[in-house]
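Below, read A as the first sequence line, B as the second, and so on, with proteins coming before strands; counting in each chain starts at 1.
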Amino acid sequence: MEQVGIAIDPAFFEETSQKLERDLRLIEEDIYKEAGEEFNINSTPQLREVLFEKLELPVIKKTKTGPSTDASVLEELAEQGHRIPTLILEYRQLDKLKSTYVDALPQLVNPDTGRIHSSFNQAVAATGRLSSSDPNLQNIPIRTEVGAELRKGFVPADGFRFVSADYSQIELRVLAHLSGDETFMRAFRSGADIHRETAALVFEVDLDDVTADMRAAAKTINFATIYGIGPYALSKQLGTSVQEAKTFIESYFERLPDVRQYLDRQIERAYEEGYVETLAGRRRYIPEVKSKNYNIRQFGERAATNAPVQGSAADIIKIAMIDIHDALDQRDDGTRMLLQVHDELLFEAPAAAVDEITGLITERMEGAFELAVPLRVETGSGASWYECK
DNA sequence: TCGTTCACG
DNA sequence: ACGTACGTGAACGAT
């Protein structure tokens with residue numbers, strides 16, 4: 001992947017940069033008008049002074065150095081009816097896209113190959129994941145439409161198409177496997193929507209009676225479980241009281257007792273053995289659990305529950321990558337693996353071979369490791385990364 | 001070099 | 001009384 005690199009469309013990036021520049025200038029003017037002065041919007045101290053001293057907006061949250069101006073704070077201020085926070089949020093979003101991606105990536109095209117060659121670091125992340133740097137191609141925007149459109153600038157070589165394949169819910173499937181929880185495993189074997197199933201379970205309703213809000217809450221709880229759950233953080237995320245969050249967590253583990261037992265066992269292992277391990281036997285040592293500091297110890301416990309799940313998913317995709325690389329070597333039709341983004345692989349394949357290659361990739365990814373529940377892969381293809389969705 | 005912020009899974 | 005979800009990397013401003 002490092003050697004092959006990936007191509008971009010320089011004209012797309014140039015046009016996007018100019019458009020963002022124009023949009024930013026307009027927002028900037030509005031911000032200065034609201035503030036009654038010009039200042040550096042990118043400077044946290046200067047922005048702090050304008051928001052919390054000059055305009056006397058309420059302080060929502062503090063950092064070590066003063067009032068926080070992060071997105072959650074600005075969103076709350078916007079809800080209170082203030083005009084400037086929304087403008088700052090829009091400015092931040094576009095400035096991030098322009099400086100981190102649109103203006104930076106074209107400068108990193110290697111003149112010899114005409115492509116961008118990221119590094120995929122294999123001994124950085126504590127869980128066994130890869131990381132990507134110089135540039136990081138594992139954090140190209142996708143969550144907002146304006147951000148996702150940057151993926152239109154990543155393009156296959158002439159005569160080729162992109163093929164992307166991503167594991168569906170791999171971490172929750174790994175958790176179902178590791179815990180052996182019957183209810184969880186049954187949900188995955190039925191091929192159903194796992195967040196909907198979880199909602200039905202936690203809220204004690206029929207599958208057909210699960211509302212969008214219930215499903216969203218269940219999804220958040222599922223992620224919280226993988227991360228090492230805490231009532232306070234969950235309440236923040238759900239926008240509920242801490243008490244309600246506690247009730248959700250209690251209900252969740254009551255219905256999934258083997259999940260709770262498994263997670264508790266990992267914490268116990270960290271205390272007793274000093275480490276936890278993944279499916280393939282990768283260890284993460286957790287010295288934090290020996291700390292006298294409560295917060296550090298808590299962090300250690302969350303790491304102990306998260307690392308086997310995140311790390312086992314990393315084991316599985318690495319095995320798939322090796323299998324696929326071998327298979328592509330055999331075929332020798334020019335298909336190349338370009339990127340790995342934790343649960344997704346991106347390839348470029350000769351246009352005529354897309355369907356066959358998609359099948360090959362799906363089989364190898366789904367068959368990389370046999371769990372107690374099936375592994376599922378979703379695929380896409382297109383003339384840009386954006387089109388692969 | 002550090003702190004803050006924000007992009008991703 | 002305190003602080004508060006896992007794993008990363010990059011840009012920017014301040015020091």
Side-chain angles (χ1 to χ4, degrees), chain A residues 39-48 61-74 88-89 91-105 108 118-144 146-148 150-151 166-172 175 220-238 242 245 249 263 266 276 284 286 288 293-311 313-314 317 339-345 385:
Chain A
F39 65 103
N40 185 343
I41 303 163
N42 287 320
S43 161
T44 306
Q46 290 184 39
L47 179 61
R48 238 176 227 151
K61 179 164 93 172
K62 287 180 178 169
T63 69
K64 274 179 224 173
T65 55
S68 170
T69 68
D70 75 15
S72 69
V73 167
L74 297 177
I88 306 282
L89 285 166
Y91 181 90
R92 285 233 180 108
Q93 184 192 13
L94 299 188
D95 191 63
K96 179 82 173 183
L97 296 179
K98 185 168 186 292
S99 63
T100 305
Y101 305 102
V102 177
D103 292 346
L105 292 172
L108 297 170
S118 175
S119 294
F120 287 92
N121 313 299
Q122 302 203 68
V124 170
T127 54
R129 275 188 173 181
L130 302 184
S131 79
S132 160
S133 61
D134 311 297
N136 181 356
L137 293 182
Q138 289 180 324
N139 73 344
I140 303 301
I142 194 168
R143 292 174 186 174
T144 68
V146 55
L150 300 192
R151 295 182 174 221
D166 65 285
Y167 280 112
S168 167
Q169 309 295 355
I170 189 169
E171 290 192 353
L172 286 174
L175 178 60
T220 302
I221 297 171
N222 274 329
F223 279 115
T225 305
I226 292 171
Y227 293 155
I229 208 158
Y232 177 84
L234 182 62
S235 72
K236 278 273 182 193
Q237 196 70 41
L238 289 173
V242 175
I249 294 169
L263 296 173
Q266 300 316 300
V276 292
R284 176 169 181 175
I286 320 265
E288 289 89 348
N293 180 317
Y294 174 78
N295 290 318
I296 296 175
R297 235 171 26 247
Q298 286 294 298
F299 172 78
E301 293 191 5
R302 292 194 299 270
T305 54
N306 172 261
V309 177
Q310 188 179 121
I317 195 169
L339 303 178
Q340 187 251 45
V341 192
H342 309 305
D343 63 358
E344 171 190 5
L345 296 175
W385 199 1

Name the nucleic acid region contacted by [X], choosing base, sugar-phosphate or nothing; use a 4.0 angstrom heavy-atom cut-off, strictly under.
| X | answer |
| --- | --- |
| Glu344(A) | nothing |
| Ala71(A) | sugar-phosphate |
| Val124(A) | sugar-phosphate |
| Leu97(A) | nothing |
| Ile142(A) | sugar-phosphate |
| Ala125(A) | sugar-phosphate |
| Asn40(A) | sugar-phosphate |
| Ser132(A) | sugar-phosphate |
| Asn136(A) | sugar-phosphate |
| Tyr294(A) | base |
| Lys236(A) | nothing |

Can you identify which nucleotide, out of [options], has its nearest atom closest to the [X] side chain?
| X | options | answer |
| --- | --- | --- |
| Arg151(A) | dC12(C), dC8(B), dG3(B) | dC8(B) |
| Asp134(A) | dT8(C), dC12(C), dA10(C) | dA10(C) |
| Ser99(A) | dG9(C), dA14(C), dC12(C) | dC12(C) |
| Phe299(A) | dC6(C), dG13(C), dG9(C) | dC6(C) |
| Ala104(A) | dG3(C), dC8(B), dA11(C) | dA11(C) |
| Arg129(A) | dG9(B), dA10(C), dT8(C) | dG9(B) |
| Pro141(A) | dG9(C), dA7(B), dT5(B) | dA7(B) |
| Arg48(A) | dC6(C), dT4(B), dT4(C) | dT4(B) |
| Gln310(A) | dT5(B), dA11(C), dG9(B) | dG9(B) |
| Tyr227(A) | dA5(C), dC8(B), dA11(C) | dA5(C) |

- Could you please name the partner base of dC8(B), counting Watson-Crick and G-U wobble pairs only when both distances are under 3.5 Å?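 When the pairing criteria are applied, dG7(C) turns out to be the nucleotide that pairs with dC8(B).
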- Item | Residue among Asn306(A), Thr305(A), Leu263(A) satisfying side chain to side chain contact (heavy atoms under 4.5 Å, CB included) with Ile226(A) |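 Passing option: Asn306(A).
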- Query: Applying the side chain to side chain contact (heavy atoms under 4.5 Å, CB included) test to His342(A), which of Arg129(A), Glu171(A), Gln310(A) qualifies?
  - Reply: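 Exactly one pass, corresponding to Arg129(A).
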What is the distance, rounded to the nearest whole Å, between atom [atom1] of [X] and atom [atom2] of [N]?
| X | N | atom1 | atom2 | answer |
| --- | --- | --- | --- | --- |
| Trp385(A) | dC8(B) | CH2 | P | 11 Å |
| Asn222(A) | dC6(C) | CG | P | 17 Å |
| Ile296(A) | dC2(C) | CD1 | C1' | 13 Å |
| Gln298(A) | dC6(C) | CD | C1' | 14 Å |
| Leu172(A) | dG9(B) | CG | C1' | 13 Å |
| Arg297(A) | dG3(C) | CZ | P | 15 Å |
| Glu171(A) | dT8(C) | CD | P | 13 Å |
| Leu47(A) | dC12(C) | CG | C1' | 13 Å |

How far does the [atom1] atom of [N] sit from the matching atom of [M], given to the nearest Å?
| N | M | atom1 | result |
| --- | --- | --- | --- |
| dA1(C) | dC6(B) | P | 32 Å |
| dA5(C) | dC2(B) | P | 23 Å |
| dC2(C) | dT5(B) | C1' | 25 Å |

How long is the gap from [atom1] on [X] to [atom2] on [Y], to the nearest 0.5 Å?
| X | Y | atom1 | atom2 | result |
| --- | --- | --- | --- | --- |
| Arg92(A) | Leu97(A) | CZ | CG | 13.5 Å |
| Leu150(A) | Ile140(A) | CG | CD1 | 7.5 Å |
| Ile249(A) | Ile221(A) | CD1 | CD1 | 7.5 Å |

- Do Ser133(A) and Asn121(A) have side-chain atoms, one donor and one acceptor, less than 3.5 Å apart?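 Per modelled atom types, Ser133(A) and Asn121(A) side chains form a pair under 3.5 Å.
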- Would you kindly say whether Gln138(A) and Gln340(A) are connected by a side-chain donor-acceptor distance under 3.5 Å?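 Judged by distance alone, the side chains do pair up.
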- Item | Flag, side chain of Ser118(A) to backbone of Pro135(A), donor-acceptor distance under 3.5 Å |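 Present.
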Taking only the side-chain nitrogens and oxygens of [X], find out if one of them lies under 4.0 Å from OP1 or OP2 of [N].
| X | N | result |
| --- | --- | --- |
| Thr127(A) | dG7(C) | no |
| Arg92(A) | dC6(B) | yes |
| Gln93(A) | dA7(B) | no |
| Ser43(A) | dA14(C) | yes |
| Thr100(A) | dA11(C) | no |
| Thr65(A) | dT4(B) | yes |
| Thr225(A) | dA5(C) | no |
| Arg143(A) | dA7(B) | no |
| Ser68(A) | dT5(B) | yes |

- Examine the base of dA7(B) for any acceptor or donor lying under 3.5 Å from a partner atom in the side chain of Gln138(A), and report the outcome as yes or no.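 In this structure, the two groups form no donor-acceptor pair.
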- Message: Can you tell me whether the side chain of Arg284(A) and the base of dG7(C) have a donor-acceptor pair closer than 3.5 Å?
- Response: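 Answer no: no donor N or O sits under 3.5 Å from an acceptor.
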- Message: Need to verify one output field. Residue with the more 5' nearest nucleotide on DNA chain C, Pro45(A) or Ala126(A)?
- Response: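 Closer to the 5' end of DNA chain C: Ala126(A).
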- Where do Ala148(A) and Ile142(A) come nearest, in terms of heavy atoms and distance?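 Distance-wise, the nearest heavy atoms are CB-O, 3.6 Å.
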